[in-house]
Amino acid sequence: MGLARRIIPCLDVDAGRVVKGVRFVDIRDAGDPVEVARGYDRQGADEITFLDITASSDRRDTIVHVVEAVAGEVFIPLTVGGGVRCLDDIHRLLDAGADKISINTSAVRNPDFIRDASGHFGNQCIVVAIDAKRAPDEGDGRRTWEVFTHGGRNPTGIDAVDWARRMEDLGAGELLVTSMDRDGTRNGFDLELVREMTSAVNLPVIASGGVGNLDHLSEGVIQGGADAVLAASIFHFGEHTVGEAKRHMAARGIEVRL
Amino acid sequence: MPAVVIVNLGTGNLYSVYKALVHVGAGDVRISSNPSEIRNAGHLVLPGQGAIGTWMRQLGKQPELAAAVRARLDDGPVLGICLGLQALYAYSEENGGVACLGLLDGEVRHFAASRGQADAAAHRGDGRRKIPHMGWNQVQQTSGHPLWRGIDDQRRFYFVHSYYVEANNEHEVAGTCTYGNRFTAAATRDNLFATQFHPEKSQRDGLRLLQNFIHWKGVH
């Protein structure tokens, strides 16, 4: 017995509202981040991740208010990502009640940002999000992945596993690894990618991208070695509750918080 | 009823602790670095995140505040959280070695430098202990302290830390946790109770502990 593997529902937030239709039961307003977060808390979510997808820069402050409202009512760890550019952005989110800040594009633009951020706030609150896509086979039998930024639109030419090691060296406290090939497909995690990442670093790794059923969550842990699994649609659409997911994992011998 | 005062050293997010205390029914909760407010607190909370070097430096820069905290430790219920536990010991290995308050008997060590890697291998099943220790782990209650009231033994609390307390005096240990090696998850002495985990982030059981704290009268 010991540390539990975590299940983390992920919510996309646009200008202060939850988008991509959350539809599970006993929610009056599926767009209200507080209500949705409270619902997941009741189901037994171990953490909640908010991804801010607000495009217009003048509405970017809305995520701070979302965090404040949720942190006032839901007493589990909250992670926030999307559009974090400077130490002040991190500061405001932490002050609002966020526990961890997830950084992707800004880390690629300036890797030292991760060193500065973890030096300033402690590595426990700095999550580096890596969006990885399988690179074409070079014929040498070696599987590689490339880092993408801007929500998977921009290739960087950076090898994802090398990048993970570099982020660990610079002070990341956790990695959130999303397969761009699997995201949205519901075909399951890219388990090879998850396994590569969990073998490459000595940090907690959250697997993300592709979850379509409960077996996929268990595979992420058992085959991928993930410390936590992140999913959106299987929970949002009410197909499964977090509680069901945990019982499913527990039945496969995975230690979870019940 | 005198206020619940959260000591503000300017080193991190106090909002979650504040909201959690309000949530469990503490009427008057203040975040403060004012020495007289700290001395007069009904219940004092000593939270902390980040690096202990910064935390102790902030305390050192404000001698009156430091004196108020020390005075208050003998005087009425105090709850330390995370660094607010570690700072109570004499010494931490973090930041190249930092002298701390020395109110409890023991030292603060880094997980990687500790013995017990073999246990860690068994524990994680992958041969390594990941750092930080991040997530929900079980706490074994080793004393029948009033702050555990209504909380079952072996319940899970949320931890996030790379350094841990190795206590020398088992009478000062209120709970333990295992991550590769066993370490102090909660400590107590007189009016003091302190946790390595974050009750304000540990859902129902964490809130119960906070509720127990604000109703705790201390030992005298």
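The structure displayed is predicted, hence computed values, not measured ones. So you know, we letter chains A, B, ... as the sequences are listed, proteins then strands, and number each from 1.
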I'd like to verify something: which residue of Pro77(A), Cys125(A), Ala71(A) has the highest number of heavy-atom pairs under 4.5 Å with chain B? Pro77(A)
Side-chain donor or acceptor of Arg156(B) paired with backbone N/O of Gly2(A) under 3.5 Å: yes
Toward chain A, the part of Ala51(B) with a non-hydrogen atom under 4.5 Å: neither
For Gln124(A) and Met134(B), the nearest pair of non-hydrogen atoms, with its separation, is O-CE, 3.7 Å
For Gln223(A), does the CD atom sit with more than 12 other heavy atoms under 6.0 Å from it, leaving out its own atoms? yes
Max heavy-atom pairs within cutoff under 4.5 Å with chain A, candidates His198(B), Gln154(B), Gln203(B), goes to Gln203(B)
For Gly173(A) versus Pro132(B), what's the shortest heavy-atom pair and its separation? O-CD, 3.5 Å
Which bit of Glu200(B) is near chain A, if near means a heavy-atom gap under 4.5 Å: side chain, backbone, both or neither? backbone
Exercise: identify the closest heavy-atom pair between Glu47(A) and Tyr158(B): OE2-OH, 4.0 Å
Can you say whether His133(B) sits under 4.5 Å from chain A via the side chain, the backbone, both, or neither, judging by heavy atoms? side chain
Taking all atoms of both residues into account, what is the closest heavy-atom pair of His23(B) and Gly72(A), and its distance? ND1-O, 4.5 Å
Chain B contact via Ala228(A) - side chain, backbone, both or neither, heavy atoms under 4.5 Å: neither
Please output the residues of residues 246-254 of chain A in contact with chain B, using a heavy-atom cutoff of under 4.5 Å, in numerical order. none
Residue, of Glu73(A), His91(A), Glu174(A), His120(A), that accumulates the most heavy atom pairs under 4.5 Å with chain B: Glu174(A)
Which portion of Ser16(B) sits near chain A, non-hydrogen atoms under 4.5 angstrom: both
Portion of Arg155(B) that has a non-hydrogen atom of chain A nearer than 4.5 angstrom: side chain
Give a yes or no on this: more than 12 heavy atoms of other residues, nucleotides or ligands lie within 6.0 Å of atom CZ of Arg143(A). yes
Greater than 12 external heavy atoms within 6.0 Å of Arg182(B)'s CZ: no
Between Glu68(A) and chain B, with a heavy-atom cut-off of 4.5 Å, which part of the residue counts as in contact: side chain, backbone, both or neither? both
Honestly, the part of Arg6(A) sitting under 4.5 Å from a heavy atom of chain B is side chain
So among Val201(A), Leu3(A), Asn202(A), Leu203(A), which one has a side chain to side chain contact (heavy atoms under 4.5 Å, CB included) with Lys130(B)? Asn202(A)
Between Val160(B), Ile131(B), Thr54(B), which has the largest tally of heavy atom pairs under 4.5 Å with chain A? Ile131(B)
